[in-house]
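Notes to accompany the following structure.
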2 protein chains.
Amino acid sequence: MGKVDFSPIADTTRRAEIVALLRRAILTGQLEPGQKLNELRISEQMRVSRAPLREAMRELVQEGILTSIPYAGTFVIEVTAKDIDDAYSFNKVMDELAIERAWPLRDQRFYDELDRRHEAVKLATRELDTTRQIETALQLHGLIYEWADNSVLLETWQRLTSRLQMYFALHQHARNEPVPAEDVHETYVRLLKGKDMRAAQRHAREHIDLDFEELLSYARGLEQRPSRGA
Amino acid sequence: MGKVDFSPIADTTRRAEIVALLRRAILTGQLEPGQKLNELRISEQMRVSRAPLREAMRELVQEGILTSIPYAGTFVIEVTAKDIDDAYSFNKVMDELAIERAWPLRDQRFYDELDRRHEAVKLATRELDTTRQIETALQLHGLIYEWADNSVLLETWQRLTSRLQMYFALHQHARNEPVPAEDVHETYVRLLKGKDMRAAQRHAREHIDLDFEELLSYARGLEQRPSRGA
DNA sequence: GACAAGCAGATTGTCGACAATCTAACAAGA
DNA sequence: TCTTGTTAGATTGTCGACAATCTGCTTGTC
């Protein structure tokens, strides 16, 4: 028999597709923080009944990017400076852990995948596709979590990723200028291939801090302004 | 005007109550790992239509204690030794982080709350209410997370708690013997009130390891046996 | 007896309609 | 003018029925 390993076939429920659509809309900033999601309107736009839409919304509420108030509505989460601070502060510690766990498990497949994802970021950067750039950068970053061989750690990272992506998208959207062309991940990738684990951890921490300061100042600005309604 | 601060009134949707009911059933082991949840049967038992039940199930799927396969059904998650290992290994690192963050924020209210929750555990222990004992012990443990002033850290803990509670319940259910009468949390509470942070962290780590070994051996046993169907 | 096709029953996914609740505007009274 | 009661409209929550899919059994063929 052939040694083909088939990937699982796609979810064929409307619910799953709705989740993907909504998540994308939120993470790319098409749906703004605080905005209310009108069930009837969205279900009509998607040509879907409210049942699967509502189920999809429940999932995203649990995922942490929507929030629901009974009989009032479901809203995109607000973003405060403290939320961003909390997420990044937490992320830094998780990163150290992930690097520590993944470190002894690095192999050729790891290095190959590292390069592959690095290339994906560079491609998105060249094409000036900011959304894709954020997405690929997070995927590059997530490799250490996938390699750390801890399901809970990985799951926690994936949850956090949603919000990080949203924060970055907001940021990009706000400053609205072309993305830095230079390759900021060069050092990160090189250190992950090297022999000094502490150095890799240190860089991950400092590298994150870099973008972080910019994001924070943006978020602080946000808090002055009133939130947008429906 | 009076200075009463009213707490938010309870969720009055069926969905919220169903979530609570199902979660309780799972975390106490009434619903066993791998077991299928028949929507029609459950909705009839609860005198509720399938719509809110299904929405509740989506929430619990995202919470990580149910798993769903399209057109096949929704099941209580299986518990493997690695799952437990991952959860505890992750929990240990999180504990150190939480203690570190909460440490400088300890105040009288913290100590009072610590005592209050400690008392709750002791009460449940005296009354031989194993379910409540697990619940209160986790709440005692969770105080450092609530005090760490990081929303992401707290949220991650709360998610993890569900599964920890499930693991413990399974364990208790399996060995089926009266709970240890002595107070295993005495030292933990004392150290959290003291001045040596490192000692508190060390104890948290070692204390967890204690129960952990027992749980693991139980989980390894589970894996031999076939999973129960519906 | 082994195997594939097809059928029946059960279960999940989706739909459209109704009930419960909220919001905002307006009117009435102190 | 401020507060309170009322009402209409819109929106969310829930329901019962139908469609799509899966599973296991039966049947027929070799």
Side-chain angles (χ1 to χ4, degrees), chain A residues 1 6 8-23 25-26 31-32 34-62 65-77 226-230, chain B residues 1-2 6-23 25-26 31-32 34-62 65-77 226-230:
Chain A
M1 60 183 81
F6 293 100
I9 64 171
D11 287 333
T12 49
T13 59
R14 298 194 196 289
R15 183 181 69 239
E17 291 189 37
I18 298 172
V19 167
L21 271 177
L22 281 181
R23 186 190 287 120
I26 297 167
L31 288 170
E32 297 180 5
Q35 189 170 345
K36 177 173 175 178
L37 278 67
N38 186 311
E39 297 178 1
L40 194 59
R41 204 166 53 78
I42 294 179
S43 70
E44 280 171 355
Q45 285 181 1
M46 291 189 181
R47 306 286 180 80
V48 169
S49 83
R50 284 174 55 221
L53 172 63
R54 283 174 58 87
E55 290 186 19
M57 281 172 153
R58 286 319 134 220
E59 292 191 20
L60 294 176
V61 166
Q62 286 305 107
I65 59 181
L66 288 182
T67 179
S68 162
I69 303 173
Y71 290 107
T74 305
F75 309 81
V76 179
I77 55 165
S227 77
R228 312 95 163 151
Chain B
M1 58 184 79
F6 293 101
S7 58
I9 65 172
D11 288 334
T12 48
T13 59
R14 298 193 196 289
R15 184 181 67 238
E17 289 189 39
I18 297 172
V19 166
L21 272 177
L22 282 181
R23 186 189 289 122
I26 297 166
L31 289 171
E32 297 180 6
Q35 188 170 345
K36 177 173 176 178
L37 277 66
N38 185 309
E39 297 178 0
L40 195 59
R41 205 166 52 78
I42 294 179
S43 69
E44 279 171 354
Q45 285 181 1
M46 290 189 181
R47 306 287 179 78
V48 168
S49 84
R50 283 173 55 222
L53 172 63
R54 283 174 58 86
E55 291 186 19
M57 282 173 151
R58 286 320 135 217
E59 292 191 21
L60 294 176
V61 167
Q62 287 304 107
I65 59 180
L66 289 182
T67 178
S68 163
I69 303 173
Y71 289 108
T74 305
F75 309 82
V76 179
I77 56 165
S227 75
R228 314 98 164 147

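Each chain gets a letter, A, B and so on, in the order its sequence line appears, and its residues count up from 1.
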Open item on the list: So L37(A) and L22(A), do their side chains get closer than 4.5 Å, heavy atoms only?
Closed with: yes
Open item on the list: For the backbone of A72(A) and the side chain of K36(A), can you confirm whether one donor and one acceptor N or O come within less than 3.5 Å of each other?
Closed with: yes
Task: S43(B): partners by side chain to side chain contact (heavy atoms under 4.5 Å, CB included), with sequence neighbours left out - done: L40(B), R50(B), L53(B)
Task: Nucleotide-resolved protein contact map, nucleotides 8-19 of chain D, B/S/- at heavy-atom distance under 4.0 Å - done: ---SBBBB-B--
- [ ] Working to the nearest 0.5 Å, report the span between CE of M57(B) and CZ of R58(A).
- [x] 16.0 Å
Open item on the list: Let me confirm one number: the CE-CD distance from M46(B) to E17(B), rounded to the nearest 0.5 Å.
Closed with: 10.0 Å
